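Presented below is the structure to which this report refers.
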Amino acid sequence: MGSVLGTALERLQALRGMADLLPPQTMVWQQVEARARQHFQRAGVGEIRTPLLEATALFARGIGEATDVVGKEMYSFQDRGLRSCTMRPEGTASVVRAAIQHGLLSQGPQRLWYMGPMFRYERPQAGRQRQFHQIGLELLGVADERSDVDAIAMAWDLLADLGVRGLQLQINTLGTPEDRRCYREQLVGWLEQRAHELDPDSRHRLTTNPLRILDSKSKATQQLLLGVPQLLGTLGKGSRERFDRVCQLLRALDIPFVLQPRLVRGLDYYTHTAFEITCDQLGAQATVCGGGRYDGLAAMLGGPPTAGMGWAMGVERLVLLLGQQGNPSPPQVVVLNRGDTAQVGAIVLTRQLRQANLHVELDLSGAAFARQFKRADRTGGRLAVIIGEQEAQAGVVKLKWLHQTPQQQGSGLAMGEEWTVPVTEVAGTVGRLLNG
RNA sequence: GCGGGCGUCGCCAAGUGGUUAAGGCAGCGGCUUGUGGCGCCGCUAUUCGGGGGUUCGAAUCCCCUCGCUCGCCCCA
């Protein structure tokens with residue numbers, strides 16, 4: 001160690017918290033992504049792609065300096081122009097920034113979704129990586145509580161459609177900034193009288209972020225909090241009614257939920273609805289999807305005051321819940337070949353068959369035919385195309401069914417039997433055989 | 001940043017102080033100099049994450065270090 005280059009003996013590997021996704025797994029990801037696209041498309045949500053790298057100031061202002069995410073978890077560095085840059089730790093700030101920058105907010109309501117990697121410098125654990133992926137939705141420019149429920153329903157339905165079981169929707173309201181200022185005063189007053197009973201973490205938050213104390217994991221603190229004044233109790237009439245309507249709409253949609261008064265967001269631009277979708281099968285990181293309303297964010301980033309509602313899902317956590325391995329589809333055709341001339345013919349033919357839209361694997365081993373057949377069988381492929389030197393010289397190939405399943409009835413080619421076919425007719429013959 | 005667990009071949013894994021470090025899968029070669037799912041034979045870790053120490057002797061004990069993993073904090 002010591003040198004930035006490291007020593008020659010050091011084993012090169014991915015950085016801590018940066019995971020490689022390998023082939024069987026990536027299929028599950030593709031399924032998740034495809035399903036998400038489908039859900040967004042049918043809901044009239046357009047995809048937005050923003051840079052992974054942003055000015056540090058965006059997150060400092062958009063997420064808040066007081067948060068852990070900004071305070072100690074960002075991947076920040078200076079670029080060659082001495083600008084402070086940050087790998088995005090979340091998506092919302094970038095989306096709102098882009099919407100402001102391109103004048104989208106003066107063009108009526110925007111329905112946007114995104115998908116991609118986010119970066120937070122944390123100790124990795126189950127369901128948590130330093131580079132992780134989110135699928136997110138942002139609805140901008142609609143303040144109506146129906147948009148809250150529209151957004152939540154999209155998350156709920158996507159998860160259900162993916163086959164995730166054991167989900168719980170937890171919901172709370174933060175009211176308006178005025179509601180919260182008022183509550184905050186009340187809360188701090190109540191807690192200060194009991195400061196000596198608080199755990200050290202919570203006592204610290206009393207000045208930095210008192211609302212978060214409600215979410216403390218300390219048993220003693222939770223015990224103490226049993227009698228704490230509730231935000232719901234201090235909400236103004238408008239906020240109260242708004243929240244009631246959100247709940248009514250959820251009931252109308254048959255989406256079950258539980259009120260979670262401890263679910264809080266500490267920053268001023270968060271308003272009204274906050275929610276999380278959790279799953280008991282995830283270990284310590286139970287939240288698959290989290291989101292809420294952020295009517296104050298656009299203005300905070302220098303744009304026109306604009307209502308906002310959104311959520312993000314953790315794709316790693318989602319895939320964890322799906323628990324599938326992904327089954328690669330077997331090839332339709334495997335091309336076995338041996339000998340100099342045959343190898344050339346085989347690669348030419350393979351390309352032709354692929355251009356005819358067939359799934360074709362070419363054996364590149366040069367091994368004995370016996371071994372090539374064994375390997376071909378193991379791929380689960382259906383039809384073998386065999387080219388040896390004799391066939392290559394004669395301008396033909398041989399066709400033979402692989403493995404036992406006799407779907408070849410009526411094809412005129414029985415199991416174990418070989419057909420000799422001129423090279424020029426292979427594509428047509430193979431197509432006919434495979435389609436019955 | 002702080003705690004717990006773990007680290008033997010590409011993967012799974014036996015071995016817990018004593019001559020050459022089991023086995024399985026995968027890979028490669030052969031039985032079959034051009035025809036299959038099975039079988040059989042052979043090959044594939046001078047070395048147990050790395051470094052130091054104890055000992056006549058260490059993968060096995062001790063220390064340090066790196067990495068993985070789970071949890072705290074926080075979040076998706």
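Side-chain atoms are counted along with the backbone in the values below, which use heavy atoms only and exclude waters and symmetry mates. Remember, predicted model here, so these are calculated numbers, not experimental data.
By the salt bridge (Lys or Arg N to Asp or Glu O under 4.0 Å) test, A:Asp377 pairs with no residue at all, sequence neighbours left out. Applying the salt bridge (Lys or Arg N to Asp or Glu O under 4.0 Å) rule to A:Glu276 yields the partners A:Arg265; only residues at least two apart in sequence or on another chain are considered. Scored by the side-chain hydrogen bond (donor to acceptor under 3.5 Å, both in side chains) test, A:Thr26 finds no partners at all (sequence neighbours excluded).
For A:Tyr75 and A:Tyr121, the ring centers sit closer than 6.0 Å to each other.
Between A:Asp377 and A:Gly291, the one whose closest nucleotide on RNA chain B sits nearer the 5' end is A:Asp377. Nearest-nucleotide positions on RNA chain B place A:Gln390 closer to the 5' end than the other of A:Gly127 and A:Gln390.
As the counterpart of B:U44, no nucleotide is assigned, since no Watson-Crick or G-U wobble pattern has both distances under 3.5 Å. Applying the Watson-Crick and G-U wobble criteria (two distances, each under 3.5 Å), B:A21 pairs with nothing in any strand. Base-pair partner of B:G3: B:C70 (Watson-Crick or G-U wobble, both distances under 3.5 Å). Across every strand in view, B:A26 sits unpaired, with no contact that passes the Watson-Crick or G-U test at under 3.5 angstrom.
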Residue pair A:Asp161, A:His39: steps toward the side-chain hydrogen bond (donor to acceptor under 3.5 Å, both in side chains) verdict
CA-CA 9 Å; A:Asp161 196 19; A:His39 275 247; 2.7 Å; yes
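For B:C75, the base has a donor-acceptor partner in the side chain of A:Arg317 [N/O atoms by modelled type, under 3.5 angstrom]. For A:Gln372 and B:U35, a side-chain-to-base donor-acceptor distance below 3.5 Å is absent, hydrogens and geometry of angles not being considered. Taking 3.5 Å as the limit, the base of B:G36 and the side chain of A:Lys400 contain a donor-acceptor pair of atoms between them.
Nearest heavy-atom pair, A:Leu174 versus A:Leu263, reported as atom, atom and distance to 0.1 Å: CD2-O, 4.0 Å. For the residue pair A:Leu140 and A:Gly308, the shortest heavy atom distance occurs at CD2-CA, 4.2 Å.
For the P atom pair drawn from B:U69 and B:A26, the interatomic distance equals 27 Å after rounding to whole Å. Rounded to whole Å, the C1' atom of B:U55 lies 12 Å from the corresponding atom of B:C62. Spacing between B:G49 and B:A59 at atom C1', rounded to whole Å, works out to 12 Å. Comparing B:C43 with B:G3, their C1' atoms sit 47 Å apart, to the nearest whole Å. For the P atoms, the distance linking B:G23 with B:C40 amounts to 14 Å, nearest Å. B:C2 sits 36 Å from B:U46 when the P atoms are compared, rounded to a whole Å. Spacing of C1' atoms, B:A45 relative to B:U8, comes out at 9 Å, to the nearest Å. To the nearest whole angstrom, the two C1' atoms, one in B:U44 and one in B:C11, are 14 Å apart.
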Cut-off 3.5 Å, no hydrogens considered: what does the side-chain donor-acceptor table look like for residues 89-101 of chain A, sequence neighbours left out?
| unit_1 | atom_1 | unit_2 | atom_2 | d |
| --- | --- | --- | --- | --- |
| A:Glu90 | OE2 | A:Thr92 | N | 3.4 |
| A:Glu90 | OE2 | A:Ala93 | N | 2.8 |
| A:Thr92 | OG1 | A:Glu138 | OE2 | 2.8 |
| A:Ser94 | OG | A:Glu54 | OE2 | 3.1 |
| A:Arg97 | NE | A:Gln101 | OE1 | 3.2 |
| A:Arg97 | NH1 | A:Glu54 | OE1 | 2.9 |
| A:Arg97 | NH1 | A:Glu54 | OE2 | 2.4 |
| A:Arg97 | NH2 | A:Gln101 | OE1 | 3.2 |

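Nearest nucleotide to the A:Phe132 side chain, out of B:A76, B:G34, B:C70: B:A76. Taking every side-chain heavy atom of A:Phe373 into account, B:G36 is the closest of B:G34, B:G36, B:G71. For A:Gln125, counting side-chain heavy atoms from C-beta on, the closest listed nucleotide (B:G34, B:G71, B:G27) is B:G71.
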Extract from the structure each pairing of a protein N or O with an N or O of nucleotides 29-32 of chain B at less than 3.5 Å, listing the distance.
| unit_1 | atom_1 | unit_2 | atom_2 | d |
| --- | --- | --- | --- | --- |
| B:G29 | N7 | A:Arg371 | NH2 | 3.4 |

Using the 3.5 Å cut-off, write out each protein N or O paired with an N or O of nucleotides 3-8 of chain B and the distance between them.
| unit_1 | atom_1 | unit_2 | atom_2 | d |
| --- | --- | --- | --- | --- |
| B:G3 | O6 | A:Arg123 | NH2 | 3.2 |

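As a whole-Å value, the separation of A:Arg130 CZ from B:C75 P is 18 Å. Taking atom CE on A:Met74 and atom P on B:A76, their separation rounds to 15 Å, with Å as the unit. With rounding to whole Å, A:Gln13 atom CD is found 9 Å from B:C66 atom C1'. If you take CD of A:Glu361 and C1' of B:G36, they are 16 Å apart, rounded to a whole angstrom. Taking atom CE of residue A:Met118 and atom C1' of nucleotide B:C75, one finds them 13 Å apart after rounding to whole Å. Per the geometry, CD belonging to A:Gln129 stands 14 Å off C1' belonging to B:C75, to the nearest Å. To the nearest angstrom, P of B:G36 lies 15 Å from CG of A:Asp363. Rounded to a whole Å, the NZ atom of A:Lys398 is 13 Å from the P atom of B:G36.
Here A:Arg338 reaches the OP1 or OP2 of B:G34: one of its side-chain N or O atoms lies under 4.0 Å away. Checking the phosphate oxygens (OP1, OP2) of B:G27, a side-chain nitrogen or oxygen of A:Arg378 falls inside 4.0 Å.
Residues A:Pro210 and A:Arg184 meet the side-chain proximity criterion, which asks for heavy atoms closer than 4.5 Å. In this structure, A:Phe132 and A:Arg128 have side chains that are not in contact, with every pair of non-hydrogen atoms separated by 4.5 Å or more.
Salt-bridge formation is not detected for the pair A:Arg338/A:Glu389: no Lys NZ or Arg NE/NH1/NH2 atom is positioned less than 4.0 Å from an Asp or Glu carboxylate oxygen.
Cation-pi contact between A:Arg111 and A:Trp113: absent, since separation from the ring centre below 6.0 Å together with deviation from the ring axis within 45° is not met.
Within the 4.0 angstrom heavy-atom criterion, base atoms lie near A:Glu122. As judged by a 4.0 angstrom heavy-atom cut-off over every strand, A:Gly290 is placed among residues touching the sugar-phosphate backbone only.
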